[in-house]
Novice: 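Next up is a structure, given as structure tokens.
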Amino acid sequence: MKYINKIQLKIDKNVTSFEDIKNSFISLIKELIMISNKYELHNKKSIIVQTCEYVSLNVEGNIRLESIANNVFISKDYIGKLFKQKTGIKFSDYVMKIKMEHAKKLLNTGCYKNYEISEKLCYSNPDYFCRVFKEYTGKTPLDFRREIKNNNVKY
């Protein structure tokens, strides 16, 4: 809103003719469209796209809405509401989904123990990680490993 108010002041000071009014109005509309596009999913620079990219790039980090809010200069509450409105899922559910998909890839490599994956994905308790994994996949990490090994399934 502060940005829009500045645009208003800029128009009021520079208008001297009808043509100036018309050009200022068109310029204002273009700027408002750019602002509104910032919040749309199809726009590569939208807050939702930036949020999803942040989660993907930091999947092995401690992902917090506050960090994202600081990067895009918007309150965490607003991003949370906007994310839910635009994607249909809560931010925390999205983060969990991305982390569990990454956990499946890590389990598929066969290089990591459950506690190591739990640590990599910033879960402080390996038992909690296993519980979340089972809720997400319907299988424990051990059962998931066995299925991969027995069926030669790649995730």
Side-chain angles (χ1 to χ4, degrees), residues 1-8 10 25-155:
M1 292 308 293
K2 289 178 188 176
Y3 182 72
I4 292 170
N5 286 337
K6 286 179 186 176
I7 293 170
Q8 175 66 36
K10 184 171 71 175
F25 182 74
I26 290 171
S27 176
L28 173 64
I29 295 301
K30 286 179 181 177
E31 289 184 58
L32 291 174
I33 288 171
M34 285 183 358
I35 291 169
S36 67
N37 282 342
K38 185 176 172 183
Y39 297 94
E40 296 301 321
L41 291 173
H42 64 276
N43 185 339
K44 288 184 168 95
K45 293 185 179 184
S46 77
I47 288 171
I48 302 305
V49 170
Q50 289 178 44
T51 301
C52 293
E53 286 174 354
Y54 181 91
V55 171
S56 294
L57 293 172
N58 295 286
V59 69
E60 291 186 3
N62 188 8
I63 300 169
R64 311 212 32 92
L65 201 51
E66 293 86 3
S67 301
I68 296 167
N70 290 337
N71 284 342
V72 295
F73 308 108
I74 295 178
S75 79
K76 69 180 179 103
D77 295 332
Y78 181 71
I79 292 176
K81 287 178 187 177
L82 186 65
F83 193 89
K84 171 76 172 163
Q85 178 186 31
K86 296 291 183 180
T87 65
I89 62 172
K90 293 190 309 187
F91 175 76
S92 58
D93 292 339
Y94 177 75
V95 171
M96 185 266 307
K97 175 185 179 227
I98 297 301
K99 285 189 178 272
M100 292 302 105
E101 289 299 322
H102 191 65
K104 287 166 59 174
K105 289 178 186 174
L106 294 173
L107 287 166
N108 190 41
T109 68
C111 299
Y112 302 100
K113 298 181 188 298
N114 289 347
Y115 79 89
E116 292 172 319
I117 294 173
S118 174
E119 287 175 5
K120 273 183 133 343
L121 299 177
C122 293
Y123 286 97
S124 58
N125 183 333
D127 293 332
Y128 178 69
F129 162 73
C130 291
R131 194 170 350 135
V132 171
F133 188 86
K134 184 171 182 176
E135 286 175 15
Y136 181 75
T137 65
K139 302 173 183 87
T140 65
L142 181 61
D143 291 339
F144 187 82
R145 282 184 207 267
R146 286 183 186 145
E147 183 178 296
I148 290 170
K149 188 176 180 180
N150 293 338
N151 298 325
N152 289 328
V153 176
K154 296 287 182 192
Y155 287 89

Novice: Taking all atoms of both residues into account, what is the closest heavy-atom pair of Ile117 and Ala103, and its distance?
Specialist: CG2-CB, 4.1 Å
Novice: With a 4.5 Å cut-off on side-chain heavy atoms, are Glu60 and Leu121 touching?
Specialist: yes
Novice: Measure the OG1-NZ distance between Thr87 and Lys84 for me, rounded to the nearest 0.5 Å.
Specialist: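 Reported value, rounded in 0.5 Å steps: 7.5 Å.
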Novice: Supply the atom-to-atom distance Glu53 CD to Thr51 OG1, rounded to the nearest 0.5 angstrom.
Specialist: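 If I round to the nearest 0.5 Å, the distance is 9.5 Å.
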Novice: Applying side chain to side chain contact (heavy atoms under 4.5 Å, CB included), name anything that partners Lys113, two or more places apart in sequence or on another chain.
Specialist: Tyr115, Glu116
Novice: Could you report the tightest heavy-atom contact between Cys130 and Pro141, atom names first, then the distance?
Specialist: SG-CG, 3.9 Å
Novice: Aromatic rings Phe83 and Phe91: how do their planes relate, parallel, tilted or perpendicular, breaks at 30° and 60°?
Specialist: perpendicular
Novice: Can you name the nearest heavy-atom pair linking Lys99 to Val59, along with the distance?
Specialist: NZ-O, 2.8 Å
Novice: Is a side-chain donor-acceptor pair under 3.5 Å present for Asn70 with Arg64?
Specialist: no
Novice: Rounded at 0.5 Å granularity, tell me how far CG in Leu65 sits from NZ in Lys90.
Specialist: 12.5 Å
Novice: Are more than 12 heavy atoms, taken from residues, nucleotides or ligands other than Tyr112, located less than 6.0 Å from that residue's OH atom?
Specialist: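 Atom OH in Tyr112 is not crowded, with 12 or fewer foreign heavy atoms closer than 6.0 Å.
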Novice: For a 4.5 angstrom cut-off between non-hydrogen side-chain atoms, does Glu101 reach Tyr136?
Specialist: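 Yes, their side chains come closer than 4.5 Å.
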Novice: I need the minimum non-hydrogen distance between Cys122 and Gly61, along with the two atoms involved.
Specialist: SG-C, 3.3 Å
Novice: Check whether any side-chain heavy atom of Lys97 lies under 4.5 Å from a side-chain heavy atom of Asp93, and answer yes or no.
Specialist: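 Of all side-chain heavy-atom pairs linking Asp93 with Lys97, none is under 4.5 Å.
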Novice: Give the ring-plane orientation class for Phe144 versus Phe133, where under 30° counts as parallel, over 60° as perpendicular and anything between as tilted.
Specialist: perpendicular
Novice: Could you give all pairs that pass the salt bridge (charged side-chain N to carboxylate O under 4.0 Å, His left out) test and reach residues 127-137, with sequence neighbours left out?
Specialist: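 Non-adjacent pairs meeting salt bridge (charged side-chain N to carboxylate O under 4.0 Å, His left out): zero.
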Novice: Working to the nearest 0.5 angstrom, can you tell me the gap between Met96 CE and Ile63 CD1?
Specialist: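 One finds 12.5 Å between CE of Met96 and CD1 of Ile63.
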Novice: Would you say the side chain of Lys86 lies within less than 4.5 Å of the side chain of Ile47, judging by non-hydrogen atoms?
Specialist: no
Novice: Are the side chains of Val132 and Met100 in contact, using a 4.5 Å heavy-atom criterion?
Specialist: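 A side-chain contact exists here, since the closest heavy-atom pair is under 4.5 Å.
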Novice: How long is the gap from NE2 on His102 to NZ on Lys105, to the nearest 0.5 Å?
Specialist: 7.5 Å
Novice: Enter the distance from Asn150:CG to Asp143:CG here, rounded to the nearest 0.5 Å.
Specialist: 10.5 Å
Novice: How close do Arg145 and Asn114 get, heavy atom to heavy atom, and via which atoms?
Specialist: NH2-OD1, 3.0 Å
